[in-house]
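Just so you know, these numbers come straight off a predicted model, no measurement behind them. Letters go in sequence order (proteins before strands), and every chain restarts at 1.
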4 protein chains.
Amino acid sequence: MPKLGMKPIRRRQLIDATIAVIGNVGFSDATVSRIAKRAGVSPGIVHHYFEDKHALLEAAMRDLLEQLRTAVAGRLALAETPVQRAEAVIDGNFSAEQFSREAITAWLAFWAHAPHDPALMKLRRINLARAHSNLVSALKWVMPRASVDDAVDGLVALIDGLWLRAALSGGRPDREALRTIARDYLDRLIGDTPDPPSLIKGTTRTGGFAWER
Amino acid sequence: MPKLGMKPIRRRQLIDATIAVIGNVGFSDATVSRIAKRAGVSPGIVHHYFEDKHALLEAAMRDLLEQLRTAVAGRLALAETPVQRAEAVIDGNFSAEQFSREAITAWLAFWAHAPHDPALMKLRRINLARAHSNLVSALKWVMPRASVDDAVDGLVALIDGLWLRAALSGGRPDREALRTIARDYLDRLIGDTPDPPSLIKGTTRTGGFAWER
Amino acid sequence: MPKLGMKPIRRRQLIDATIAVIGNVGFSDATVSRIAKRAGVSPGIVHHYFEDKHALLEAAMRDLLEQLRTAVAGRLALAETPVQRAEAVIDGNFSAEQFSREAITAWLAFWAHAPHDPALMKLRRINLARAHSNLVSALKWVMPRASVDDAVDGLVALIDGLWLRAALSGGRPDREALRTIARDYLDRLIGDTPDPPSLIKGTTRTGGFAWER
Amino acid sequence: MPKLGMKPIRRRQLIDATIAVIGNVGFSDATVSRIAKRAGVSPGIVHHYFEDKHALLEAAMRDLLEQLRTAVAGRLALAETPVQRAEAVIDGNFSAEQFSREAITAWLAFWAHAPHDPALMKLRRINLARAHSNLVSALKWVMPRASVDDAVDGLVALIDGLWLRAALSGGRPDREALRTIARDYLDRLIGDTPDPPSLIKGTTRTGGFAWER
DNA sequence: AATGAATGAGAATTCATTCAT
DNA sequence: AATGAATGAATTCTCATTCAT
């Protein structure tokens with residue numbers, strides 16, 4: 001007798017288990033059996049809910065990125081100035097939800113595998129494009145146009161590098177310290193340019209800077 | 001076909017092949033057979049020269065780090081000022097020798113596996129400590145003592161993040177662009193503090209800064 | 001093809017196949033593949049039912065000893081006098097169930113391997129202790145106490161030696177002839193001491209011998 | 001430059017190493033490499049002195065049996081009466097030369113493998129025939145003809161069984177105790193039949209027994 | 001004579017996937 | 001829907017044997 005509506009439940013269990021297992025034993029030892037056991041189901045059932053192992057891995061990576069997107073989006077919605085928008089991106093990346101050890105380690109495992117997996121690479125591109133877009137749309141107001149691209153590249157790289165460090169440091173990562181480093185970099189990038197009041201959300205921008213759009 | 005003293009030759013061949021294969025197909029698909037084929041030897045011989053697969057992998061990672069160390073050390077030897085020393089670290093990290101696609105991808109694969117492999121983790125720690133030491137000993141002369149640690153953490157993370165980006169971007173990585181971003185971060189960290197003339201190698205330091213040692 | 005509750009069935013099949021294969025080709029050529037083929041299953045499934053090859057071998061040896069134990073125990077239950085108890089041990093060891101060529105040869109293979117395998121050695125000790133205990137508890141009534149231990153050691157050794165001979169003689173072993181030799185040794189050990197009537201099961205012992213307890 | 005006369009030296013080294021290795025790690029783990037290492041030579045050289053691994057194993061078994069033959073023969077030469085001849089066989093089997101732990105364990109390993117190796121089986125047959133012949137020629141003078149065969153079979157089996165016990169007991173085997181058990185069995189077999197004086201070596205037999213030849 | 005490099009077959013074991021129930 | 005039995009391919013590693021030096 002088929003239980004109805006199991007699909008989303010099982011998929012979620014399996015995705016969570018996948019991230020946990022990859023985080024705990026690494027990509028190459030994340031076997032279907034181990035994942036199934038962690039999810040509390042039999043190994044056979046996995047292929048009922050996912051085409052194959054690869055589809056499960058991809059769904060897990062997708063899920064990880066979706067969580068990140070949500071964390072950033074939530075903060076972006078509250079930001080009122082360009083600088084706050086950039087800070088929202090940073091804060092989202094170092095929010096507690098993202099920053100479990102398992103998740104960070106899994107994230108690293110996925111990226112390491114991406115060069116050999118077009119589907120993961122595609123996710124990476126989408127993810128990167130979103131981060132870029134968010135940061136460019138914020139920083140372009142507070143720095144010379146010509147500097148924005150490099151600044152964004154640097155900021156994204158720094159965030160990634162800090163995640164890498166978190167994944168590779170023993171013990172639980174110190175989110176605050178890492179975030180502070182990223183925030184500091186942001187500060188240095190925008191120099192002492194003040195957040196132009198005219199850019200505050202909801203107001204009409206009247207004044208202007210040389211590098212404004 | 002020489003029959004004596006093959007050990008160093010074969011070990012080098014196998015290490016190179018390991019890095020290449022990991023770079024090309026990833027950590028989990030880097031089988032002993034594939035590595036042997038790439039090295040042009042039979043699979044069986046691998047265990048003649050390495051205790052087991054793990055020993056080979058570790059030797060390969062060690063080799064990768066040794067290459068990096070050499071690249072940095074060579075540049076450090078030529079540096080005359082603290083700032084030049086910091087630049088030497090950056091430049092060594094983005095030198096052409098290090099920056100083959102295969103090597104970068106392998107590097108990422110190793111780090112992703114490190115959390116599950118004490119031997120790799122140990123290498124990571126040694127490597128990190130060296131980078132820190134090099135940068136601290138340079139930056140402490142050109143910025144307030146209290147800022148040095150965070151600055152170094154940030155710089156190391158940025159470099160790692162830029163490598164990550166290189167590993168994950170299609171096509172061949174643009175070393176110059178990446179290096180420029182790192183150099184720019186360095187500039188921002190030390191502000192407009194000029195390299196104190198008194199610190200130039202070989203001269204006697206007479207003047208002083210608040211944060212000098 | 002039943003799909004549930006296969007465990008006991010498969011384990012038995014595999015144990016039987018193991019004994020047969022060891023009996024036929026010897027310990028060193030008893031590969032998992034051969035055993036699986038003999039059991040009519042795929043090589044892979046073996047590890048579904050046994051932790052590893054060693055666990056399978058140990059289970060097989062255990063099974064062999066358990067069969068022997070049962071054969072002896074059944075006969076002991078029917079014995080009414082000390083001498084009959086000793087004879088029960090002998091008869092159990094030469095009963096038809098035990099004495100297939102394959103089983104005897106496998107038995108020898110196991111003992112030969114035991115010095116290098118603590119698990120087998122432990123089984124040997126348990127097995128030996130049981131045989132000793134059975135024989136001591138019988139012989140102590142019919143011979144001087146001081147002679148019992150050596151007598152038991154001799155009897156056990158003779159039985160083992162006769163098994164060895166059976167394993168090493170071509171053709172099918174002549175159980176009867178071998179048993180007769182062991183029985184004769186027993187007779188000589190107890191001399192013409194009659195089974196003391198008083199010791200017959202269920203009767204009260206009234207008379208006495210110097211060596212009675 | 002070929003060293004002359006290495007052949008017997010190397011063969012002996014390799015045979016001794018083979019027995020030692022089999023005694024220490026068992027038949028299935030006695031690899032050519034291990035044996036070569038134990039003998040202090042390179043693995044390749046083994047095939048210079050022995051056709052193949054099997055030839056080496058056979059030579060080792062042959063050597064073991066030859067040692068036993070010598071030990072018995074030496075004692076037989078000194079025996080003057082039938083009983084002494086039987087005792088010589090027993091004593092030879094429990095002489096110190098034979099009774100190293102390694103040798104006994106190797107002996108057991110060889111017999112366990114014999115059923116699957118015609119060459120070993122042949123050695124076994126030769127060995128057995130010699131023991132039988134020696135014992136029959138002794139015992140026929142001191143017991144009824146009809147009993148001799150069974151008596152010999154029993155004595156041989158007991159000796160084998162005591163070796164088995166020695167191989168399987170921890171610690172160093174107690175030669176004396178084991179020999180005593182075998183001697184006692186012999187005593188019981190021949191009963192109180194005295195060694196007929198007329199049979200003493202070098203004398204002429206005049207009297208007679210019912211079972212004399 | 002001797003080494004140790006090299007091969008290739010075969011060992012145990014793992015694992016994604018399929019399938020009968 | 002779910003299980004766990006089953007397969008067969010692939011993986012790491014071992015080993016007897018051969019061979020260039």
Check your understanding: Considering only side-chain heavy atoms of A:Arg34, which listed nucleotide, E:dA6, E:dC15, E:dT13, is closest?
Key -> E:dC15
**Study point:** Stretch residues 48-59 of chain A: residues that reach within less than 4.0 Å of DNA chain E through a heavy atom
**Key:** A:Asp52, A:Lys53
**Study point:** 5′-ward residue of the pair B:Gly44/C:Ile45 relative to DNA chain E
**Key:** B:Gly44
**Study point:** Qualifying residues under salt bridge (Lys or Arg N to Asp or Glu O under 4.0 Å), relative to D:Arg101, sequence neighbours excluded
**Key:** none
Point to revise | Residue pairs involving residues 103-114 of chain C (criterion salt bridge (charged side-chain N to carboxylate O under 4.0 Å, His left out); sequence neighbours excluded) | key: none
Review point. With a 4.5 Å heavy-atom cut-off, do B:Leu65 and B:Ile126 have their side chains touching?
Key: no
Exercise for review: Rounded to the nearest angstrom, tell me the gap between atom CG in C:Leu14 and atom C1' in E:dA12.
Suggested key: 15 Å
Revision key, fill the gap. Rounded to whole Å, CD1 of B:Ile9 lies from C1' of E:dG4 at a distance of 14 Å
Side chains of residues 29-43 of chain D: which donor-acceptor partners sit under 3.5 Å, not counting sequence neighbours?
{"unit_1": "D:Thr31", "atom_1": "OG1", "unit_2": "D:Arg34", "atom_2": "N", "d": "3.1"}
{"unit_1": "D:Arg34", "atom_1": "NE", "unit_2": "D:Asp29", "atom_2": "O", "d": "2.9"}
{"unit_1": "D:Arg34", "atom_1": "NH2", "unit_2": "D:Asp29", "atom_2": "O", "d": "3.4"}

Check your understanding: Among all residues two or more places apart in sequence or in another chain, which pass the side-chain hydrogen bond (donor to acceptor under 3.5 Å, both in side chains) test with D:Arg62?
Key -> D:Glu58
Practice item. Mind checking side-chain hydrogen bond (donor to acceptor under 3.5 Å, both in side chains) for A:Asp16 and listing every partner two or more places apart, or none if nothing turns up? Key: A:Arg12
**Study point:** Phosphate OP1/OP2 of E:dT14 contacted by C:His47 side-chain N/O (<4.0 Å)
**Key:** no
Exercise for review: Under the side chain to side chain contact (heavy atoms under 4.5 Å, CB included) rule, collect the residues that match up with A:Ala112, sequence neighbours excluded.
Suggested key: B:Leu108, B:Ala112
Review point. So which nucleotide from E:dG4, E:dA6, F:dT3 ends up closest to the side chain of B:Met6?
Key: E:dA6
Check your understanding: Could you write out DNA chain E as a dot-bracket string, with dots for unpaired bases, | for bases paired across to another strand, and Watson-Crick or G-U pairs counted at under 3.5 Å?
Key -> .||||||||||||||||||||
Exercise for review: Please list, chain by chain and in numerical order, all residues satisfying side-chain hydrogen bond (donor to acceptor under 3.5 Å, both in side chains) with B:His54, sequence neighbours excluded.
Suggested key: B:Asp117
Review point. Whole Å only: how far is the NZ atom of D:Lys37 from the P atom of E:dA2?
Key: 19 Å
Check your understanding: Considering residues at least two apart in sequence or located in another chain, which fulfil the side-chain hydrogen bond (donor to acceptor under 3.5 Å, both in side chains) criterion with A:His47?
Key -> none
Review point. Partners of A:Ala114 by side chain to side chain contact (heavy atoms under 4.5 Å, CB included), sequence neighbours excluded?
Key: A:Trp111, A:Leu120, A:Met121, B:Leu168
Practice item. Look at the side chain of C:Asn24 and the backbone N and O of C:Ala20, then say whether any donor-acceptor pair between them is shorter than 3.5 Å. Key: yes
Review point. For residues 17-32 of chain C, which residues have at least one heavy atom under 4.0 Å from DNA chain E?
Key: C:Thr31, C:Val32
